[in-house]
Amino acid sequence: VCIFKVSTIPLLACFTSTISYLLLAYYYFSQLCPTTTVWLLSLAGPCLVQAPNANTQDRDLCRSPPLQTREPRPTPTSFTPSPQAAMRLLPLLLLAPTVTNVVSGLPFLKKKHRRQKAGTKYELHDAVHVVVNKVGPFNNPTETYRYYSLPFCKSHADQSEHEAAVGNLEAPSMEYTDDANAEDGGGFSFLASGRRIVGDRVGAEKTKHRFGEHIAGDRRETSPYELSFQDDIEWRLLCKTTLETKELNKLKEAIHNNYFFEMFIEDLPMWGYVGDFEDEDAILGEMEGSHTYLFPHLHFKIGTNNGQIVSAAVTTERDRRVDITNVHKPTTVQFSYSVEWFEDDLPWKMRMTRYADSRFLPSSFEIHWLSIINSFVLVLLLTAFLTIILMRVLKNDFSRYMELDDESLEEEESGWKLIHGDVFRFPEFPVLFCASVGTGAQLTFATLSLLVLALTNLISTTRRGSILAGMVVLYCLTCSIGSFVSTRLYFQMGGKAWVRCVLFTAGLFPLPVTFVFMWVNTVALAHGSTSALPFTTILTITFIYALVAFPLTVLGGILAKNYASHDFNAPTRTTKVAREIPTEVPWYRTRFVQMLISGFLPFSAIYIELHYIFAAMWGHQMYTLFGILLFAFILLLIVTSFISVALLYFQLAREDHRWWWSAFINAGMTGLFIYAYSFFYYFHRSGMSGLLQSSFYFGYMAIISFAFFLMLGSAGFHFSLLFVKHIYSRVKCD
């Protein structure tokens with residue numbers, strides 16, 4: 001379904017029909033030739049026709065057949081199906097394909113229009129289709145609805161209606177030309193191209209979507225706009241309709257909520273506002289003397305290069321706006337459009353760069369580089385701290401521990417060497433710990449792979465929803481990595497219930513995602529938003545996880561069990577009785593202060609870049625600087641690992657040997673800082689509001705923050721483990 005883009009319902013209908021007809025053919029053939037049927041089944045396997053009263057020797061023979069040829073079995077009398085039972089099954093077999101085909105023919109499941117391929121080479125006067133997508137509040141990018149949830153035109157006016165509207169239209173922008181013939185519209189330049197209205201395009205019919213577009217909330221539909229290649233249109237009537245009170249209220253509410261609409265020509269998006277309002281108070285809202293205007297006219301400006309469409313934009317004209325302030329009075333509105341074609345020197349492969357350039361000013365690139373320099377300097381400072389200060393302290397510790405004998409060591413020994421018999425004592429809840437480490441390693445590998453693929457353009461960053469779809473696929477394909485890492489660590493800790501560890505790894509991240517998705521999808525369905533995933537997309541994701549992700553998770557656990565090393569290779573022996581941990585600790589060495597430090601320093605390295613990422617995720621900007629993002633992510637991993645090692649040394653120096661969970665949580669604290677920043681961005685950097693937008697924003701930001709917690713926690717733990725093994729392998733211990 002995903003690879004070959006086959007529609008799910010017709011495929012299901014074909015499958016059930018084929019199975020039903022094969023069963024019917026088998027039934028009739030078994031009735032006509034029962035002996036031949038049994039003989040054919042015996043060729044596939046003698047056990048398929050084993051009689052119920054077979055003796056023990058026959059059953060053993062069936063379980064492990066000998067190499068020599070056996071005598072043919074007598075035909076069991078109980079094998080021939082009962083005609084009465086088969087006739088009872090016959091209506092069900094006939095009903096299955098019928099019901100499936102009927103369901104596949106329902107209006108909401110009928111065949112969808114094929115999308116216009118991007119990069120099409122057009123000839124003069126070829127049809128160009130405008131696809132409408134959605135409408136919604138500009139400040140709430142996730143709160144989107146079908147384009148035709150507002151009373152827009154679903155059919156095009158015919159030629160006579162258009163000519164009648166032109167005769168009654170008073171527009172100073174229309175100039176009379178003497179050289180235009182009568183067929184072109186009676187001397188007006190709006191039909192200078194000579195193209196007459198066909199009226200064969202109908203709106204509000206669904207088009208085919210990619211997997212990523214469904215996830216991104218796109219619901220593209222056809223529109224009645226009649227555009228033809230290189231044919232300018234000065235003015236053309238789309239439809240003339242009378243809006244009643246209900247429709248006017250809907251439009252007025254949309255305009256006051258700053259609704260925008262989105263359209264596409266090929267894969268080029270176009271945006272515009274539904275309307276505008278004037279003389280309204282920012283706090284009190286609509287007041288006496290304020291006006292609400294609808295923009296019924298759209299102007300399409302399309303650029304071409306070598307017969308291909310390389311740019312597209314739509315604008316609204318304030319001179320043609322309609323006042324809909326009084327919703328109690330029916331208002332007649334003429335929806336219209338105009339088209340302007342021009343030659344553009346932009347190459348087709350660079351057509352999406354104009355969207356990125358319009359969103360990022362040159363100064364933003366300087367800010368991006370400032371963020372990278374800030375992160376790089378922080379990495380250098382931390383590296384210098386570890387190599388100069390920390391290593392000098394360790395060198396002094398090594399010298400002191402090597403010179404002391406056992407008796408003086410018992411009297412004067414203090415610090416991290418004192419707990420050499422407890423430092424490799426495994427943590428509590430080993431299954432959860434190993435699953436967290438393995439899932440974090442899997443997410444880290446999937447994220448790095450996604451950024452590399454986006455940087456090399458193997459994943460189109462400009463195609464709607466491609467990043468989300470790529471992350472879903474990469475997560476499923478890397479499930480074996482997470483299971484392998486977690487199961488191997490679990491065996492090294494001496495665990496026996498490795499199946500439980502595999503199951504924890506399989507559900508540690510998908511289960512929270514499922515709970516959040518169920519909530520936000522329910523809210524979206526209650527609001528009638530296009531952000532709610534359709535059932536077929538949910539079914540596709542479920543099948544991908546069940547048929548790809550989960551089997552790979554089990555495979556990774558099996559590989560770790562059979563081929564990975566189960567030796568932990570601890571440099572010191574662990575004592576049977578745990579050493580008591582000192583309780584008197586200065587406040588600046590407490591675990592809470594360490595968590596704040598370990599989360600704040602890495603967060604400060606990505607703070608500036610985080611603003612642009614949020615603006616791209618929860619706004620209308622397009623993020624294309626994946627090279628900078630990859631570099632920032634690698635620096636984040638390095639900074640987090642260094643800080644985890646530094647804080648781990650101070651923890652061991654105060655004779656606290658419970659470092660396993662501490663190292664993981666300290667490294668993952670940056671994820672909590674990212675979630676805290678999401679609240680600041682929501683209330684102070686964005687204009688988002690409402691239950692739907694808030695549910696999506698805070699729900700999915702919680703998932704993203706949890707993913708960062710696992711990724712950074714896993715990276716910090718692995719670096720900490722290498723550090724602990726290194727320092728304890730350099731000293732003499734009993």
Side-chain angles (χ1 to χ4, degrees), residues 382 385-386 390 393-394 397 414-441 444 485-486 489-490 492-493 504 508 568 570-572 574-575 578-603 636-676 705-706 708-728:
L382 288 173
F385 171 76
L386 286 177
L390 193 58
V393 172
L394 285 174
D397 290 345
S414 63
W416 54 269
K417 187 179 183 299
L418 190 62
I419 58 173
H420 62 82
D422 300 281
V423 71
F424 294 106
R425 193 179 303 277
F426 298 128
E428 297 179 344
F429 312 108
V431 173
L432 179 60
F433 182 82
C434 296
S436 302
V437 173
T439 305
T444 303
V485 172
S486 61
L489 181 60
Y490 182 70
Q492 290 176 351
M493 291 183 177
F504 263 77
L508 183 61
F568 187 72
T572 60
T574 302
T575 59
R579 186 182 182 88
E580 184 178 356
I581 299 174
T583 56
E584 296 181 1
V585 180
W587 66 270
Y588 54 87
R589 286 194 174 187
T590 59
R591 183 164 297 182
F592 179 74
V593 175
Q594 284 193 349
M595 291 168 59
L596 292 180
I597 295 174
S598 61
F600 175 75
L601 290 179
F603 175 77
L636 177 63
L637 294 176
I638 297 175
V639 171
T640 303
S641 302
F642 283 176
I643 292 177
S644 300
V645 171
L647 294 177
L648 174 60
Y649 172 78
F650 293 126
Q651 178 179 350
L652 297 178
R654 67 172 186 264
E655 303 175 11
D656 186 357
H657 57 81
R658 298 174 302 180
W659 64 272
W660 299 76
W661 277 109
S662 297
F664 185 89
I665 294 175
N666 288 343
M669 279 300 296
T670 305
L672 296 184
F673 273 81
I674 293 175
Y675 194 59
S705 302
F706 180 58
F708 270 93
F709 177 81
L710 294 176
M711 288 189 293
L712 299 178
S714 178
F717 165 74
H718 281 102
F719 272 84
S720 300
L721 181 61
L722 292 176
F723 172 75
V724 172
K725 284 188 175 182
H726 173 73
I727 63 174
Y728 280 97

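Residues take their numbers from the sequence shown, with the count starting at 1.
Using a distance-only test at 3.5 Å, with no hydrogens or angles considered, a donor-acceptor pair links the side chain of Ser714 to the main chain of Val437. With hydrogens and angles ignored, the 3.5 Å screen pairs a side-chain donor or acceptor of Ser598 with a backbone N or O of Asn666.
Looking at Leu636 and Met711, their side chains never come closer than 4.5 Å, going by heavy atoms from C-beta outward. Side-chain contact between Met669 and Gln594 is absent, with no heavy-atom pair separated by less than 4.5 Å. At a threshold of 4.5 Å between non-hydrogen side-chain atoms, the residues Arg658 and Pro427 do not count as touching. Between Thr640 and Ser644, the closest side-chain pair of non-hydrogen atoms falls below 4.5 Å. Taking the side chain as every heavy atom from C-beta outward, Met595 and Ile665 approach each other to under 4.5 Å.
Taking CD1 of Ile727 as the reference point, atom OH of Tyr649 lies at 8.0 Å (rounded to 0.5 Å). Note that OG of Ser662 and CG of Asp656 are 6.0 Å apart. Values are rounded to the nearest 0.5 Å. Considering CG of Leu652 and OG of Ser720, their distance stands at 9.0 Å, rounded to 0.5 Å. To the nearest 0.5 Å, atoms CG (Leu648) and CD1 (Ile643) are separated by 13.5 Å. Separation of atoms CZ (Phe433) and CG (Leu489) is listed at 6.5 Å; rounding is to 0.5 Å.
Of the residues Trp659, Phe717, Phe719, Phe709, the one that meets the ring pair (Phe, Tyr, Trp, His ring centres under 6.0 Å) test with Phe664 is Phe709.
The nearest pair of heavy atoms linking Pro602 to Val639 is CA-CG1, 3.8 Å. Residue Gly713 comes nearest to Ala667 through the heavy atom pair CA-CB, 3.8 Å, listed as atom of the first residue, atom of the second, then distance. Between Gly671 and Ser705 the shortest heavy-atom distance is O-CB, 3.3 Å.
Contacts classified as salt bridge (charged side-chain N to carboxylate O under 4.0 Å, His left out) and involving residues 664-676 (residues at least two apart or in different chains) are not found. Sorted by first and then second residue, the side-chain hydrogen bond (donor to acceptor under 3.5 Å, both in side chains) pairs involving residues 425-440 (not counting sequence neighbours) are Asp422-Arg425, Arg425-Thr575.
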(request) Kindly determine whether Phe426 and Gln492 satisfy side chain to side chain contact (heavy atoms under 4.5 Å, CB included), including the steps that lead there. (result) CA-CA 10 Å; Phe426 298 128; Gln492 290 176 351; over 6 Å; no

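Scanning for side-chain contact (heavy atoms from CB on, under 4.5 Å) contacts around Leu722 gives an empty result, with sequence neighbours left out. Evaluation of the side-chain contact (heavy atoms from CB on, under 4.5 Å) rule for Leu637 yields Thr444, Phe633, Leu712, Ala715 as partners, not counting sequence neighbours. The ring-ring contact (aromatic ring centres under 6.0 Å, His included) test applied to Phe708 returns no partner, not counting sequence neighbours. Partners of Phe424 according to the side-chain contact (heavy atoms from CB on, under 4.5 Å) rule, which considers only residues two or more places apart in sequence or in another chain, are Phe568, Ala570, Pro571, Thr572, Thr574, Val724, Lys725, Tyr728. By the ring-ring contact (aromatic ring centres under 6.0 Å, His included) test, Phe706 is found to be paired with no residue, residues two or more places apart in sequence or in another chain being considered.
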